[in-house]
J.: 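Before I ask anything, let me first share the structure, which is written out below as C-alpha cells.
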Amino acid sequence: MISALVYADDVAESYDDLEAARTAAGTTWVHAAEATDEEIRAVQSAFDLHPLAIDDLRGDVRAKTEEYRDYTFVLLKTMRLTPGETTFEKEVATSPVGVFVGRDWVVSLGLDEARPVQRVMDAARRGDERLLQHGPDFTAYRVVDVIVDAYFDLLDGIETDIEEIEEEVTVSTDSETIEKINDVRRDLLSFRKQAWPAREAVGSLARGDPKQVQPQTEKYFRDVYDHLVQIVDLTETYRDLVSGARDIYLNTVSQSTNEVMKVLTVVATIFIPLTFVVGVYGMNFADSPYNMPELGWTFGYPAVMIGMGLIVAILLAHFRQRGYL
Amino acid sequence: MISALVYADDVAESYDDLEAARTAAGTTWVHAAEATDEEIRAVQSAFDLHPLAIDDLRGDVRAKTEEYRDYTFVLLKTMRLTPGETTFEKEVATSPVGVFVGRDWVVSLGLDEARPVQRVMDAARRGDERLLQHGPDFTAYRVVDVIVDAYFDLLDGIETDIEEIEEEVTVSTDSETIEKINDVRRDLLSFRKQAWPAREAVGSLARGDPKQVQPQTEKYFRDVYDHLVQIVDLTETYRDLVSGARDIYLNTVSQSTNEVMKVLTVVATIFIPLTFVVGVYGMNFADSPYNMPELGWTFGYPAVMIGMGLIVAILLAHFRQRGYL
Amino acid sequence: MISALVYADDVAESYDDLEAARTAAGTTWVHAAEATDEEIRAVQSAFDLHPLAIDDLRGDVRAKTEEYRDYTFVLLKTMRLTPGETTFEKEVATSPVGVFVGRDWVVSLGLDEARPVQRVMDAARRGDERLLQHGPDFTAYRVVDVIVDAYFDLLDGIETDIEEIEEEVTVSTDSETIEKINDVRRDLLSFRKQAWPAREAVGSLARGDPKQVQPQTEKYFRDVYDHLVQIVDLTETYRDLVSGARDIYLNTVSQSTNEVMKVLTVVATIFIPLTFVVGVYGMNFADSPYNMPELGWTFGYPAVMIGMGLIVAILLAHFRQRGYL
Amino acid sequence: MISALVYADDVAESYDDLEAARTAAGTTWVHAAEATDEEIRAVQSAFDLHPLAIDDLRGDVRAKTEEYRDYTFVLLKTMRLTPGETTFEKEVATSPVGVFVGRDWVVSLGLDEARPVQRVMDAARRGDERLLQHGPDFTAYRVVDVIVDAYFDLLDGIETDIEEIEEEVTVSTDSETIEKINDVRRDLLSFRKQAWPAREAVGSLARGDPKQVQPQTEKYFRDVYDHLVQIVDLTETYRDLVSGARDIYLNTVSQSTNEVMKVLTVVATIFIPLTFVVGVYGMNFADSPYNMPELGWTFGYPAVMIGMGLIVAILLAHFRQRGYL
Amino acid sequence: MISALVYADDVAESYDDLEAARTAAGTTWVHAAEATDEEIRAVQSAFDLHPLAIDDLRGDVRAKTEEYRDYTFVLLKTMRLTPGETTFEKEVATSPVGVFVGRDWVVSLGLDEARPVQRVMDAARRGDERLLQHGPDFTAYRVVDVIVDAYFDLLDGIETDIEEIEEEVTVSTDSETIEKINDVRRDLLSFRKQAWPAREAVGSLARGDPKQVQPQTEKYFRDVYDHLVQIVDLTETYRDLVSGARDIYLNTVSQSTNEVMKVLTVVATIFIPLTFVVGVYGMNFADSPYNMPELGWTFGYPAVMIGMGLIVAILLAHFRQRGYL
C-alpha cells in the first residue's frame, strides 16, 4: 500500500500519482507498507532507485547506510518477538525497511506493515509541525527513530523472560529450564546480530557523512545513535545475566545431586551397621558358653535394641554436626 | 530546589532571580537538586537549553559530553548501593546529573538530592578561593570530580561484599552463596555499564575538546579521567575476583559431594561384607560334617568375630592409605 | 581445461590461442578449470604473471588481494562440505581460485573444477548482456560473487547439522553426541579461517583500492563484501549455538546421573531399613518375656508387615514431596 | 632522606642545600627515599612541582607520564611480593616512585626505600661514566630501568609458585590447593593492573613524546618498553598456566570421586548378591521335598560356597575387563 | 663459527678477514653460527653494531625490527620441539638469530647452529643466482624466510600430538590424558608468544619501512608476512582444537562415572529388595495360622523363588527401557 504525501510549511497533501508527488513543490514522502513487488517497481522507477539497493531490501541483508549519487539509502530492520507454542519458543522476527533520502524527497519501503512508520505518516497528515517545517532528512530521522524505539519493547520482552528464568533457576532442576535459558540466549544472539549493524548505519548518519543530512539534523541522529549504543549495551548485560542464571541452574542441579547423595548416605550409614548387628544374632552357632552367650540372657534383646539405639543416636549427632541433616 | 550563585574573585552572592543571576557580572552557577519539572523548565528557558539535552537528562541515557552552540552539556550519573531486604539484595541506584557549561555560567541539574554537588556549592558560598577565582569550567570540574569520587565509595561497598563472599565460599555449600555471588556480579555489571560511558564523557573534557574547557583546567579533568580509568580497571579486577570466588564455591560443593561419597563408601564397604559373613552362619543347612562344621565349634563365634575384626582392620588400613579417612 | 573468450558489446568469441585472445580487441577472459601445471605455465607466460602469485595459488595460502604493476591478483577459496563415513565426519574441503584483473583482460585459474565460475563463462558465451558490456573488473566481480555465494550453501549444510544436534542433545547422553558437536565446531573453525581473509580481500576491492576496479563497479564489490560480513557474522552465531548445544548436552548427562542416583536412593532408602526390621525378627534370642515377645503373638507377622507397609508409605510420601519420584 | 647530587663530565658532588644544587652547573639529581611529607614539600618548593603531580604520587594512582610546562612527570610503582602467613598468602605490595625530568635536573621521590634507585645514585657517586656524561633524561632512564627490572624478580617468584602448584594439582584433592591457585591468580591480577599502565607510560617516553627526552635516549627507553611488553606478555602466559592448573585440579577431584564410586560399586556389586544367596538359605520353610532340598544335602554348604566363589570370580573378571580394578 | 662471503653478479668468494670482506666490492654477508662472545665482539667492532642490539640478541627478548642509523636490525627466534622424557613432555626451545642489513652488507648472528641459515649460505657459495644478483635485502629475506618456514615443521609436530590426543580422549579417563592436553596447551602458548612479535617484525619489513628494503624486495617479505599470519591463525585454531579435546575428555570422565553409577544402581536395586524378601522368611515367628503360613506350604519355596524371579524380570525390563542396560 503506497501513501504519497507532499508537505511544506504547515500544509500536507496526499497524492495518488507518484510522478506528480515527486515534482510537486515541497518535501515529498512516499511510504509503501507491505510493499508488493509491483509497488516496489513503481516507486523504483519513479525515483530512479538503484537495483542493488532494492535487492538488499528484499534479501536478508544487514542494516546499513549507503550513499548513491542522488540519494542516501538507509536499510533497517523492524524486529519483534513472535510467540511460539510455549512461552519460551519465541523467536525474533525481522522485516526490512528501506529509507531513501533525496534532495527534496524521502521514500520508505517496508516489506511488512511497519506500523510505527505509519504512525509518523499519520502525524504528518494531521499536521505535525516539526515534520512539516523541516526537510526530508528530518522525516528520515523520525522514521529511523520509531523503528529503533521499537527495539526497546523487544528488549523489555526479553528482560521479562530473563526475570522469569532467574526465579526458576534457584528451585528447578528441570531440564526444560536449561532449554528456556538457551532460547533466550538465541533471541539475544539474533537481536544483537541485527542491532550491531544498525548502530553502524545510524552512526554514519549521526556523523553527518551523507550530504543529505543537514547539520541541524545530525543532533537528532546522534540521539538515535545513543539509543542504539544503549541497546547494544543492554544486550551484553542481558547475555551476562543469562549466563549467570545458567550458572545458578547448574549449581541447583549439583546441589540436588549432593542432597540426594546425603539422604542415601545417612540412611545407608545408619542401617547397614544395624543390619549387620541383627545378622550376628541370627547366626546358628551351637550352644557353648563362648558362642553368643547374650542370646541366652533374659534381657538380651532389650540390651541389643538399646545398644543399636545408641549407635543411631551417635551417628545422627555426627551427621548433624557435619551438616548432612 | 534551585540555588543560584554568582561569584567573582573573593565574593559569592546568592540570587533568587535566575535572569538577574545570569546577567550579573562574574561566574553564575545555578544548581537545582531534586529538580521538579517546573524548576527544570524555568532553568531551561533562562539559559536557553536544548530540549534534546533535557530529554536525555530525564531519560535513562548513558553518560556523555555533547557540545551545543553556546554551551557544553555533560551528563553524568550519581550512583549508590541501595540496601535490599538481605545484605546481598543491594542494587546500584543511579540518578542523572546534567552539567551545562557556558561562557560565563554553569547550570547543574540533579534529579535526586545530589549531595556531593551541594557540598561544592556550600564551599563556594563559604568562599572557597579556588572556585571563586577560576571560571565556570573549574566549577564544572569540581562538580564532575565529586560525582566521580563517590563511585569509589560504591566500589568500596562492593569490595566489602566480595571479601565476605570470599570467606564464605571455602566453607559453605549453601545455594544462597551462589545467589550472593550472582548479586555482586549484577551490581558490577550495572556499575560498569555506567562507568564506561562516564570515562568517555570525561575523556573528551580531559582532551579539551569543548571550547569552554580552558587549557589550565584540562589538567584537572585529566585527573578525573585517571580516576575513571582506575575505576573501570577495578571493576574488571572485581569481576575476576568474583569469578574466582565462584570457582572456589563450586569446588567446595564438589568436595562436599566427594566427602559424602567417601563416608558412604567406607561404611558400605566395611559392613556389606560383614553382613554377608553373618548371613552365611545364619543358613539352615542340615547337620553334616561338610555343612558349616564351624557352627558346632566351641569357639566358633569368637573365631568368626575375630575374623571379622581382622577384615575391618585391613579395610580401615587400606582406606587410610588411600586418604579416605 | 583452458577456455579463452573475448567479448565486446554484444558479441562473445572463443579463442584457442591465448596470445591471439590477449591481443584481440575487447575484454579477454581466460579461465582454466582443474588447471594442470602445464596449463598454468602457458597462461602465466602469455599474461606475464608473477611467480610469487602462482606459488600462492598452489600453496595453502589465505585469501588475499595483491596489486602488481600491470594487474591485481585476487586469491579466493571455493569451499564445500565433503561427506565423511558417518553424517558428522564431514570436512570443509577448500580449493584455491586465482583471479588476475588486467587493463583489458581477466585470468581465472582454478585447481578444481570451480563449477560456479564455469557457469559465469557459459552465461558470457550465451550472451549475458551485463558481462559483455562492462569491463574486466565486472567479470572479476561476477567470478568473486559466485564463489562467495557458494559459501552460503556450505553454511546451510552446517546449520542443518546444528539443528540435528540441537534435537539430539536434550535426550541423548551418548558420547557420540559430543563428538558430533566437536565435528561441527571443527567445520566452523575451518570455515571461519577461510572466510576472515576473504572478507579482507574483497573489502580492499570494495574500497576501490586497486586501480583496475572502476568506480561504478565498487558498488558491486561492496555487495559481495556485505555478504562476507554476514557470513562471518553467521559463523560467530553458529559457534554460539554449538556451544549452547554443548551446555544442554552436558546438562543432560548431569541430569541422567542425577536421576540414576535418585532411583538408587529411593530403592535403597526404602529397603535397607525394612531388611533391618526383618533381620531383627530373625535373631535367635532365648525365650524370655523380654526377648522379642512379638514373635510369640498370634498376629505378630501381620503386625510387622503392616508396620513395614506404613514405613514404606511414609517414605514414598516423603520422596514424592521432595520431587524424587 | 634526601640526597642531592650534581654531576657533569667525570665529577659528582653531593649537596645539602636543594636550592644550591639546583642552580649549580651540571645535571642536578635529587632523590628522596622514604620521603616524608616535609621532605616532599621542600623538594616541591625548590623545583616548583605541580600539586596535582604530588597528589598523584601520594594517592593510589596508576603509572603514567604527564608533561608539565617545565618538566615531565613519570609515575611508576615499585612492586614486590610480601610473604603472608603461609607460603601462598603472598601479596603484591606496591609503592609509588615519581620521577620529574627538567631541562637540567631530575627529581625522584619514593615513598618507600626504593633500593634499586638508591643503587643508581651510589653508582653516580662512585663515578659511573655513562650517568655523568649524559643529561637528566639518561638518569631518568636508569631510574625507570631499575624499577622495571625488579618486576622480573616478582614474576620469577610467581613462576615458582605456579610450578609448585602444577606439581600439586595432579595428586591433591585438598581444597587448599584451589585457594593457592586463586591466590596466585590474585597476585597476577594485581601485578597486571600495575604493569599495563606502566607500559603506556614508558611507551610515551620511548616514542620521545616529552621534549626532555633526547633522540639518542629514546633507544634506551625503547629497550625498557620492550621489557614491559614482555612482562605483560608473561603475565598473560602465567594466567593461562594457572587456569590450566585449575583444570587439572578439578579433574583430579573428579577422578577421585570417580574412583571412590568404583570402589563402592565393586564391593557392593559383589557382596549384595552373595548376601541375597545366604539369605535364601536362612529361610525357615517347612520340610518338604520342594522346599530347599539343598539344605538337606551332605555337601550343600560346600556346593553353595563354590557357587558363590564362581559368582565372585565372574564379577571380578567382568570388572577387570571394564577397567574398574 | 664465522663465515664471510662477498658476492656480486655470478661470483661468490669466501674471506677470512672481516675488515677486508666489508670493504670488498659487492654484497658482503657475514654469518656466525653458534657464535661465541669473542666472535660476536669481532663482528660487532668490524660492522660497528650498537651494544643495545647485541644485548637484545643475548637476552630473552621478543622478535623485533629496529632501525639504526646505518642498518636495520631484525631479531628472530629459531624454534623447535625438544623431546622430553615421555612423548608429551616436549618443550618449545627457542634460540635468537639477529640479522643486520646495511647498505651493501648483511650480518647474521645465531646463538645456536641455525642450520637453515647455513643452508642459504651454502647455496650462495654454490652460486645461487638469485642471491648473487640481488642486494643485501634479498639475502636478509632468504634468511628470514628459512627461519619462518621452520615454524611450520614445529606446528606439524604439535598437530600430530593433537591428533594423538583426539583419538585418546574418547576412550581414556586416565589423568595422564589431561596432562598431555595441558602440555600441548603450554607448547602452543610458548609458540604463540614468539610468533606474534615475529609477525610484527616481518610486517614492518613487508611495508618497506626500513630504508634498506628496496621496493622489489617488499613483495618477498610480504610473502613471509603472509606465512606468519597463517601461522598465528593456525595457533588459534589449534588452541580451539585442544580445548575441544579437553571438553570431550571431561565428558568421557563424566560418562564413566555415570556408567559406574548405573551398574551400582542396577545391582543394588535388584538385590536389595530380594534380600528383604528372603529376610522375611528368615523371621522366627511362633507358629500361628496368621504368622507366615507360606512357610508351611509344600510349594512355599518354589513359589517365593518364582515370585522373586518375576520381580527381577520386571526390574530388568524397566531398566532396559530407561537405557540403563
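Order of the sequence lines sets the chain letters (A, B, ...), proteins ahead of strands, with each chain counted from 1. Since the model is a prediction, treat every value here as computed from it, not as a measurement. Atom set for the values below is all heavy atoms of this structure, side chains included, hydrogens, waters and symmetry mates excluded.
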J.: What residue, out of E:Thr275, E:Val266, E:Val169, E:Thr170, has the most heavy-atom pairs lying under 4.5 Å from chain C?
T.: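 The residue among E:Thr275, E:Val266, E:Val169, E:Thr170 with the greatest pair count is E:Thr170.
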J.: Tell me, side chain or backbone of C:Met308 under 4.5 Å from chain E's heavy atoms, or both, or neither?
T.: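 Contact with chain E: side chain only.
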J.: Other residues, nucleotides and ligands only: do more than 12 of their heavy atoms fall within 6.0 Å of CD on E:Glu236?
T.: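 Buried by this count: over 12 neighbours within 6.0 Å.
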J.: Measuring from atom CZ of C:Arg192 to atom OG1 of E:Thr237, what distance do you get when rounded to the nearest 0.5 angstrom?
T.: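 That separation rounds to 7.0 Å.
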J.: If we count only N and O atoms by modelled type, under 3.5 Å, do the side chains of E:Asp247 and C:Asn182 hold a donor and an acceptor together?
T.: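 No, no side-chain donor-acceptor pair sits under 3.5 Å.
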J.: Do C:Glu66 and E:Asp226 have side chains that get closer than 4.5 Å, going by heavy atoms?
T.: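 With C-beta onward as the side chain, the pair touches.
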J.: Should we count CD of E:Glu200 as having more than 12 external heavy atoms under 6.0 Å?
T.: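 Result for CD/E:Glu200: enclosed.
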J.: Rounded to the nearest 0.5 Å, what's the gap from NZ on E:Lys219 to CZ on C:Arg69? Could you check?
T.: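 So the gap between those two atoms works out to 8.5 Å.
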J.: Between C:Asp174 and chain E, which part of the residue has a heavy atom less than 4.5 Å away: side chain, backbone, both or neither?
T.: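 For C:Asp174, the contact with chain E is made by the backbone alone.
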J.: Show the nearest heavy-atom pair for residues E:Tyr290 and C:Pro302, with the distance to one decimal.
T.: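 Closest approach of E:Tyr290 to C:Pro302: O-CD, 3.3 Å.
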J.: Quick one, C:Arg185 and E:Ser243 - any side-chain contact, counting heavy atoms below 4.5 Å?
T.: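 Heavy-atom side-chain distance check passes, below 4.5 Å.
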J.: Between C:Gly279, C:Ala303, C:Ser256, who has the most heavy-atom pairs with chain E when the cutoff is under 4.5 Å?
T.: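 Between C:Gly279, C:Ala303, C:Ser256, the count favours C:Ser256.
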J.: How long is the straight-line distance from CD of E:Gln255 back to OG1 of C:Thr257, given to the nearest 0.5 Å?
T.: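 Going from OG1 on C:Thr257 over to CD on E:Gln255, the span is 8.0 Å.
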J.: First locate atom CD of C:Glu294, then atom CG of E:Asn291, and finally report the distance between them rounded to the nearest 0.5 Å.
T.: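 Answer for the CD-CG pair, C:Glu294 versus E:Asn291, is 11.0 Å.
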J.: Given heavy-atom pairs under 4.5 angstrom as the criterion, report whether the side chain, backbone, both or neither of C:Trp196 touches chain E.
T.: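 Neither part; nothing is under 4.5 Å.
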J.: Given side chains that start at C-beta, do those of C:Ser175 and E:Asn251 come closer than 4.5 Å, heavy atoms only?
T.: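 Contact flag for C:Ser175/E:Asn251 side chains = yes.
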J.: For chain E, which of C:Val253, C:Ile178, C:Thr298 has the most heavy-atom pairs under 4.5 Å?
T.: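 Top option by heavy-atom pairs under 4.5 Å: C:Thr298.
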J.: Does the side chain of C:Asp56 come within less than 4.5 Å of E:Asp223's, by heavy atoms?
T.: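 Yes. Closest side-chain heavy atoms under 4.5 Å.
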J.: Which region of E:Leu250, side chain (C-beta onward) or backbone (N, CA, C, O), has a non-hydrogen atom less than 4.5 Å from a non-hydrogen atom of chain C, or is it both or neither?
T.: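 It is neither, since no heavy atom gets under 4.5 Å.
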J.: Check whether C:Glu67 gets within reach of chain E through its side chain, its backbone, both or neither, counting any heavy atom under 4.5 Å.
T.: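 Backbone of C:Glu67 only, per the 4.5 Å heavy-atom cut-off to chain E.
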J.: Where does C:Leu189 contact chain E at under 4.5 Å (heavy atoms): side chain, backbone, both or neither?
T.: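 The side chain, not the backbone.
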J.: Kindly give the heavy-atom pair with the smallest separation between E:Arg322 and C:Val263, and that separation in Å.
T.: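 The answer is NH1-CG2, 3.6 Å.
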J.: Given heavy-atom pairs under 4.5 angstrom as the criterion, report whether the side chain, backbone, both or neither of C:Phe276 touches chain E.
T.: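 Neither part; nothing is under 4.5 Å.
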J.: Heavy-atom cut-off 4.5 Å, strictly under: side chain, backbone, both or neither for C:Val304 against chain E?
T.: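 For C:Val304, side-chain heavy atoms alone lie under 4.5 Å from chain E.
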J.: Going through the distances and angles, do E:Asp240 and C:Arg239 end up as a salt bridge (charged side-chain N to carboxylate O under 4.0 Å, His left out)?
T.: CA-CA 12 Å; E:Asp240 266 10; C:Arg239 277 166 65 93; 3.4 Å; yes
J.: So, are E:Glu166 and C:Arg186 salt-bridged, with charged N and O less than 4.0 Å apart?
T.: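 Answer for the salt bridge query: yes.
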J.: May I ask you to name which of E:Val278, E:Asn284, E:Asp233, E:Thr252 has the most heavy-atom pairs under 4.5 Å with chain C?
T.: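 Of the options given, most contacts go to E:Asn284.
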